[in-house]
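These notes concern the structure reproduced below.
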Amino acid sequence: MLVPRHVAIIMDGNGRWAHERALPRAAGHRAGIKPVRLCVEECSRRGVEVLTLFAFSSENWQRPPQEVGVLMQLFLEALDREVEELSSKGVALSFIGDRTALAPELKARMAGVEARTGGNRGLKLVVAIGYGGRWDIVEAARRLARACQAGELDPAAIDEERFARELALGELPDPDLFIRTGGDQRISNFLLWNLAYAEFWFTETFWPAFGSDEIGQAFAAFATRERRFGKTAAQLKADAC
Ligand code: FPP
């Protein structure tokens, strides 16, 4: 079965999962840790190279301060609790997003985890915190503009490949499979550039209830997709010969 090199997930529906059970939203976020573990295990087992999870968007800063506080605390606790286990499985953990507004304690922990697991050879787990696709593109453009201004880069040398290297995912391959739980069918400012040719798979299931059977369904659906990248089906056939 054809396996995606890179899977990107919008983990949506924590609040509604909690609401259905008359629980506070925080309980939904806490329950969202289990499917994160599951996805890491399934992706590692299936030979996926990169798993990118959208944990907190640039826009999520607008949520009530209490909920933002809960999420930040959850990230901190999850890092402390899970890093040993992840590292023992060979997972290399890194983060993308604007870190400026994050608490110094969390920033320090993130940098520590990146340094500690960066050399691991297994699944690359990328967690997007404070991330926005438009922010990412603007940052890349600004860095390239500065390099041009400093005379280090010729604007004529900026092509798609050079631009992409400047984005948060850098040298990592583009996502092949994009999954969103929670019933909405949109990108919500996630990896705008990198999702250009991803295959999309949506489910109504709320993130805390997302299980290995559904991960299996998403992978099975991916394996049936014909990815033409703008070419015709006949050209693809000829390329394969
Ligand atoms: C979206 O659900 C989910 C989030 C904003 C937070 C995602 C965080 C986790 C799953 C916690 C664990 C993650 C890591 C990587 C440690 P929502 O609150 O928008 O749900 P709703 O649409 O039902 O309100």
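Below, all heavy atoms of this structure are taken into account, side chains as well, without hydrogens, waters or symmetry copies. Just so you know, ligand 1 is whichever comes first in the structure, and atom 1 is the first atom listed for that ligand.
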Report summary line: Numbered in order shown, the ligand 1 atoms found under 4.0 Å of a heavy atom of Ile33 are 12 (C), 16 (C)

**Report entry** Candidate pair Thr117 and Leu86, rule side-chain contact (heavy atoms from CB on, under 4.5 Å), full reasoning
**Finding:** CA-CA 9 Å; Thr117 66; Leu86 289 172; 6.0 Å; no

Requested in this report: Return a yes/no value for Asn60: is any of its N or O atoms, backbone included, closer than 3.5 angstrom to an N or O of ligand 1?
Outcome: no

Requested in this report: Have a look at Leu71, Leu79, Val36 and point out the one with the heavy atom closest to atom 13 (C) of ligand 1.
Outcome: Val36

Report summary line: Note: ligand 1 atoms sitting under 4.0 Å from heavy atoms of Leu74 are 11 (C)

**Report entry** Identity and distance of the protein heavy atom lying nearest atom 1 (C) of ligand 1
**Finding:** Met11 O, 3.2 Å

Query - Test item, Gly182 contacting ligand 1 (heavy atom, 4.0 angstrom) - result: no

**Report entry** Over 12 foreign heavy atoms within 6.0 Å of CZ, Arg121
**Finding:** no

Report task. Can you establish whether the number of heavy atoms outside Gln149 located under 6.0 Å from its atom CD is more than 12? Result -> no

Query raised in the report: In the protein, which heavy atom is nearest to atom 9 (C) of ligand 1, and how far is it?
Result: Asn14 ND2, 3.8 Å

Query raised in the report: What is the ring orientation for Phe190 with Tyr131, classed by angle as parallel under 30°, tilted 30 to 60°, or perpendicular over 60°?
Result: perpendicular

Requested in this report: May I ask you to list the atoms of ligand 1 that are less than 4.0 angstrom from any heavy atom of Arg63?
Outcome: 5 (C), 17 (P), 18 (O), 19 (O)

Query raised in the report: Do any nitrogen or oxygen atoms of Trp207 come within less than 3.5 Å of a nitrogen or oxygen of ligand 1?
Result: no

Query raised in the report: Which pair of heavy atoms, one from Glu214 and one from Trp201, lies closest together, and at what distance?
Result: O-CH2, 3.7 Å

Report summary line: Any heavy atom of His19 under 4.0 Å from ligand 1? The part involved is neither

Report task. Can you sort out which atoms of ligand 1 are near Ala55, meaning under 4.0 Å from one of its heavy atoms? Result -> 4 (C), 5 (C), 6 (C), 7 (C), 8 (C)

Query raised in the report: What orientation do Tyr197 and Phe229 show, parallel under 30°, tilted 30 to 60°, or perpendicular over 60°?
Result: tilted

Query raised in the report: Looking only at distance, does Val127 have an N or O less than 3.5 Å from an N or O of ligand 1?
Result: no

Query raised in the report: Quick one: does Glu114's side chain get under 4.5 Å of Leu93's, heavy atoms only?
Result: no

Report task. Taking the six-membered ring of Phe219 (Phe, Tyr or Trp), confirm whether the NZ or CZ of Arg46 is under 6.0 Å from its centre and within 45° of its axis. Result -> yes

